[in-house]
Peer 1: 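The structure's right below; bear with me while I get my questions together.
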Amino acid sequence: MQIEPGALLKTINSPEDLKKLDASQLHQVCEELRQYIIDVVSVHGGHFAASLGVVELTVALHYIYNTPYDQLVWDVGHQAYGHKILTGRRDNFYTNRKYKGLSGFPKRSESPYDTFGVGHSSTSISAALGMAIAAKYKAEDRKSVAIIGDGALTAGIAFEAMNHAGVSDADMLIILNDNNMSIDPNVGALKEYLTDISVSRTYNKFKEDVWNALGKLPIGKGLTRAMASKLADSLKGMVNKSSNLFESFKIRYFGPIDGHNITNLVATLKELKKIPGPKILHIITVKGKGYAPAEKEQTKWHAPGLFDKITGEIYKKKFEVAQPPKYQDVFGHTLVELAEQNPLVMGVTPAMPSGCSMKFMMEAMPDRAFDVGICEQHAVTVSAGMATQGLKVFCNIYSSFMQRAFDQVVHDVAIQKLPVIICLDRAGLVGEDGPTHHGAYDIAYFRCIPNMVLSAPMNEQELRNLMYTAQLEKTDFPMVIRYPRGNGVMPDWKKSLQEIEIGKGRRLKEGKDLAILTYGHPGNFAAAAIREVAGEGIEPAHYDMRFCKPLDEDLLHEVFQNYDKIITVEDGTVKGGFGSAILEFMATHHYQATVEIMGIPDRIVEHGTPKELIAESGFDTTAISAKIREMLASSQATAKTEVIRSDYKPQS
């Protein structure tokens, strides 16, 4: 469904068209761009509030800079919808985040204006600095701009990049979009520092007044301004104790200014473009700007789904029967239940308390659950520190984001065999967020680490039982529990908690013909496939392995001694994952069998609904049913060939 853009916006097919407008028309462009985002997202879905907050900044950047020659790097990409609309993708924007449509994030293969692929936060300064260094080396008059949110600034890589930028003399601009929000409200000392800058404008006003006054002197302008700059720097600490953080990195600081004043933004960017070297512009914005419900409830409107743009009603799917809960909510409620029973239970999440449902414990027990900001590495190591003191820490990180803390898991958790409980939300194919967010690799990269126990529940009750087992006193080793985004399969999910023996799977169904071994939630796809082929007289056995490390070797000996055709199913990469573990077991014990591995293929899977992507990847119910039939048909054909050969007699 196409949405009609406003009168000016419909004439803008590239930033070159935007530059043809008079500066006095930019306010109207901003209004039309904001309305177009509201119109499209309300009907087609997507991220919402972040892009509304940077409409004026987006217009100003493309108006002043010569994009794509000048390079803009949008941190994460939740804020880049306006950027996409102004750079030739307006008429296709309704396909945003849809299967085979536009990506929800900047993507290099999609447009030359998307200079860097982003999905994980806090990478913009490093990427833009790399571009600026390359431009300097190649003697190109090319500008590089990183647009980073204040929430993303909490990650270590952002400070690493600023530390390098300050001594690089590279010509780059960092724009700090300060709205006190990531997905949830920002936390930590940096938030307090930025607030102090925002309300304590004394130093910046003083510096501006001195600079302007001395610039009007008839003689010695260059000398007096140089002296004024040194004087202002020396008085900085006296005027505002917090004003020197960025300049301590040798990055010139400007601001803060109103990020919704398009006239001032254009003028400021025009002047900053003339100033060489690394610099930072601090702008104050409102996430959800221009849409009252989003301004009021910014977390709720980060990605609201479909909604009525007039009333602000977010549409909810209506079901006649009770639906299973989301796995994340089962985690959150169960964590509170366990914490009520066990005073040693603690919770840690890196900036995703709503997304992973750690918010329930943070509300109920604020002294025992912590949002540490966008700091996955810190989240793991602070959990390890607490574990040294006997606490049972549930460290909840999205599977894709867990990749950023691999070293901490190896060095700080596994080597010391500390009983940190790593809960990996969004494991498997997450859907519309696409390849930067798919949890495809955690099975493979955790499986190679000694001392780690890897588990995956097939349903909500299994998740509860694994969590219960992990916090027991005798569980004195690191444990991973992975589960997917979205709903489970049990409407009546809150059963009594039971211990699960570590490394023990379960036989769900006896059978003949072949065996299916599953790991985690995809076991439900296999169970449905088994029901589907039952009417054809096919009887596969089904084993829910529960653990990828250690494997249930007793169960596997049973499987390989009774079946010569085996299918493995997982929602992780087929290279190095659960299926690979089964092949290793088979080789170690000298079994011979035909093993088919079904899971995420060895390629980058793009975006779409989880159902579409699982089908494309070939491990949904339909694909498993087809694989069962294929393996049995192949074995029957082989048997017929062997009979023919046994009856064959050469002619004399």
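Keep in mind it's a predicted model, so treat the numbers as computed, not measured.
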Peer 1: Using modelled atom types and a 3.5 Å cut-off, is there a donor and acceptor pairing between side-chain atoms of Arg482 and backbone atoms of Asp425?
Peer 2: no
Peer 1: Just wondering, do Met598 and Thr568 contact through their side chains at under 4.5 Å, heavy atoms?
Peer 2: no
Peer 1: Determine whether Val413 and Thr381 satisfy the following criterion, side chain to side chain contact (heavy atoms under 4.5 Å, CB included), listing intermediate values before the conclusion.
Peer 2: CA-CA 8 Å; Val413 176; Thr381 302; over 6 Å; no
Peer 1: Hey, are Lys494 and His333 close enough side-chain-wise for a donor-acceptor pair under 3.5 Å?
Peer 2: no
Peer 1: Given the rule in the side chain to side chain donor-acceptor pair (under 3.5 Å) test, do Lys100 and His607 qualify, once you have shown the distances and angles that lead to the verdict?
Peer 2: CA-CA 7 Å; Lys100 305 294 186 182; His607 62 278; over 6 Å; no
Peer 1: Closer than 3.5 angstrom, by distance alone: can the side chain of Gln298 be matched with the main-chain N or O of Lys287 as a donor-acceptor pair?
Peer 2: yes
Peer 1: If we count only N and O atoms by modelled type, under 3.5 Å, do the side chains of Gln498 and Asn465 hold a donor and an acceptor together?
Peer 2: no
Peer 1: With rounding to the nearest 0.5 Å, note down the distance linking CG in Leu429 to CD1 in Ile600.
Peer 2: 4.0 Å
Peer 1: Examine the side chains of Glu337 and Thr334 and answer whether a donor and an acceptor come within less than 3.5 Å of each other.
Peer 2: no
Peer 1: Hey, could you give me the CD/CE distance between Gln389 and Met386, rounded to the nearest 0.5 Å?
Peer 2: 11.0 Å
Peer 1: Indicate yes or no: at least one non-hydrogen side-chain atom of Ile566 is less than 4.5 angstrom from one of Met631.
Peer 2: no
Peer 1: Kindly determine whether Asp544 and Arg507 satisfy salt bridge (Lys or Arg N to Asp or Glu O under 4.0 Å), including the steps that lead there.
Peer 2: CA-CA 6 Å; Asp544 170 27; Arg507 185 197 314 114; over 6 Å; no
Peer 1: Flag the pair Phe105 / His120 as yes when their ring centroid distance falls below 6.0 Å, and as no otherwise.
Peer 2: no
Peer 1: Specify the closest pair of heavy atoms between Ser625 and Glu532, including all atoms of both residues, with the distance to one decimal.
Peer 2: OG-OE2, 3.0 Å
Peer 1: Verify, without hydrogens or angle tests, whether Thr475 (side chain) and Thr469 (backbone) share a donor-acceptor contact under 3.5 angstrom.
Peer 2: yes
Peer 1: Can you tell me which residue among Leu517, Leu454, Asp571 is in a side chain to side chain contact (heavy atoms under 4.5 Å, CB included) with Phe578?
Peer 2: Leu517
Peer 1: Tell me the closest heavy-atom pair linking Tyr445 and Phe406, and the distance in Å.
Peer 2: O-CE1, 3.3 Å
Peer 1: Please work out which of the three classes, parallel, tilted or perpendicular, describes the rings of Phe619 and Phe525, given edges at 30° and 60°.
Peer 2: tilted
Peer 1: Between Ala369 and Met362, which heavy-atom pair has the shortest distance, and what is it?
Peer 2: CB-CG, 3.6 Å
Peer 1: State, to 0.1 Å, how close Asp602 and Val574 come at their nearest heavy-atom pair, and which atoms those are.
Peer 2: N-CG2, 4.2 Å
Peer 1: Distance-only, no hydrogens or angles: does the Asp552 side chain make a donor-acceptor pair with backbone N or O of Lys504 under 3.5 Å?
Peer 2: no
Peer 1: Are any side-chain N or O atoms of Gln328 and backbone N or O atoms of Gly355, one a donor and one an acceptor, separated by less than 3.5 Å?
Peer 2: yes
Peer 1: Could you report the tightest heavy-atom contact between Ala470 and Met479, atom names first, then the distance?
Peer 2: CB-SD, 3.8 Å
Peer 1: Between OG1 of Thr588 and CG of Leu551, what distance do you get to the nearest 0.5 Å?
Peer 2: 10.0 Å
Peer 1: Under 3.5 Å, is there a donor-acceptor pair linking the side chains of Asp75 and Ser121?
Peer 2: no
Peer 1: Under 4.0 Å between a Lys/Arg side-chain N and an Asp/Glu carboxylate O for Lys359 and Asp371?
Peer 2: no
Peer 1: Check this for me: Lys565, atom NZ, are more than 12 non-hydrogen atoms of other residues, nucleotides or ligands nearer than 6.0 Å?
Peer 2: yes
Peer 1: Flag yes if more than 12 heavy atoms outside His589 fall under 6.0 Å of its NE2 atom; otherwise flag no.
Peer 2: yes
Peer 1: Measuring only between side-chain heavy atoms, which start at C-beta, is Leu583 closer than 4.5 Å to Ile597?
Peer 2: yes
Peer 1: Around atom CZ of Arg506, are there more than 12 heavy atoms of other residues, nucleotides or ligands at under 6.0 Å?
Peer 2: yes
Peer 1: Tell me, with the steps shown, if Met545 and Tyr543 meet side chain to side chain contact (heavy atoms under 4.5 Å, CB included).
Peer 2: CA-CA 6 Å; Met545 296 304 295; Tyr543 295 83; 4.2 Å; yes
Peer 1: When you compare the side chain of Pro435 with that of Glu606, does any pair of heavy atoms fall below 4.5 Å?
Peer 2: yes
Peer 1: Just do the side chain to side chain contact (heavy atoms under 4.5 Å, CB included) check on Ile374 and Phe401 with the steps written out, would you?
Peer 2: CA-CA 10 Å; Ile374 302 178; Phe401 301 161; over 6 Å; no
Peer 1: Does CD belonging to Gln561 count more than 12 external heavy atoms closer than 6.0 Å?
Peer 2: yes
Peer 1: Given 3.5 Å as the limit, does a donor-acceptor pair link the side chain of His542 with the main chain of Thr518, or not?
Peer 2: no
Peer 1: Under a 3.5 Å threshold, yes or no: a donor from one side chain and an acceptor from the other, between Tyr99 and Glu616?
Peer 2: yes
Peer 1: Mind checking the CE-CD1 spacing from Met402 to Ile422? Nearest 0.5 Å is all I need.
Peer 2: 4.5 Å
Peer 1: Only counting residues at least two apart or in another chain, list the ones meeting side-chain hydrogen bond (donor to acceptor under 3.5 Å, both in side chains) with Ser103.
Peer 2: none
Peer 1: Quick check: does any side chain N or O of Arg546 sit under 3.5 Å from a backbone N or O of Ala456, one acting as donor and the other as acceptor?
Peer 2: no
Peer 1: Using side-chain heavy atoms (C-beta onward) and a distance below 4.5 Å, is Arg464 in contact with Val330?
Peer 2: yes
Peer 1: Specify the closest pair of heavy atoms between Thr154 and Cys375, including all atoms of both residues, with the distance to one decimal.
Peer 2: O-SG, 3.3 Å
Peer 1: If you apply the rule side chain to side chain contact (heavy atoms under 4.5 Å, CB included), what do you find for Val118 with Thr436, and how did you get there?
Peer 2: CA-CA 7 Å; Val118 290; Thr436 58; over 6 Å; no
Peer 1: Tell me, with the steps shown, if His164 and Phe159 meet ring-ring contact (aromatic ring centres under 6.0 Å, His included).
Peer 2: CA-CA 9 Å; His164 182 195; Phe159 283 89; over 10 Å; no
Peer 1: Mind jotting down which residue pairs meet the ring pair (Phe, Tyr, Trp, His ring centres under 6.0 Å) criterion with at least one end in residues 464-517? Sequence neighbours excluded, please.
Peer 2: none
Peer 1: Report the C-alpha separation of Glu499 and Lys474 in whole Å, then their side-chain angles, then the decisive distance to 0.1 Å, and conclude whether the salt bridge (Lys or Arg N to Asp or Glu O under 4.0 Å) test is met.
Peer 2: CA-CA 11 Å; Glu499 181 181 353; Lys474 63 182 179 181; 2.6 Å; yes
Peer 1: Flag the pair His78 / Phe48 as yes when their ring centroid distance falls below 6.0 Å, and as no otherwise.
Peer 2: no
Peer 1: Treating Thr609 as the side-chain partner and Glu432 as the backbone partner, does any N or O pair qualify as donor plus acceptor under 3.5 Å?
Peer 2: no
Peer 1: With rounding to the nearest 0.5 Å, note down the distance linking CZ in Phe370 to OG1 in Thr349.
Peer 2: 12.5 Å
Peer 1: Drop me the distance from Arg426's CZ to Ile397's CD1, to the nearest 0.5 angstrom.
Peer 2: 13.5 Å
Peer 1: Crowded around Lys98 NZ? As in, over 12 foreign heavy atoms under 6.0 Å?
Peer 2: yes
Peer 1: I'd like to know if the side chain of Glu460 reaches the main chain of Met490, judged simply by a donor and an acceptor atom lying under 3.5 Å from each other, with no hydrogens or angles considered.
Peer 2: yes
Peer 1: Checking the side chain of Lys107 only, and the main-chain atoms of Gly117 only, is there a donor and an acceptor separated by less than 3.5 Å?
Peer 2: no
Peer 1: Using distance alone, with no hydrogens and no angle criterion, decide if Asp442 and Ser399 have a side-chain donor and acceptor under 3.5 Å apart.
Peer 2: yes
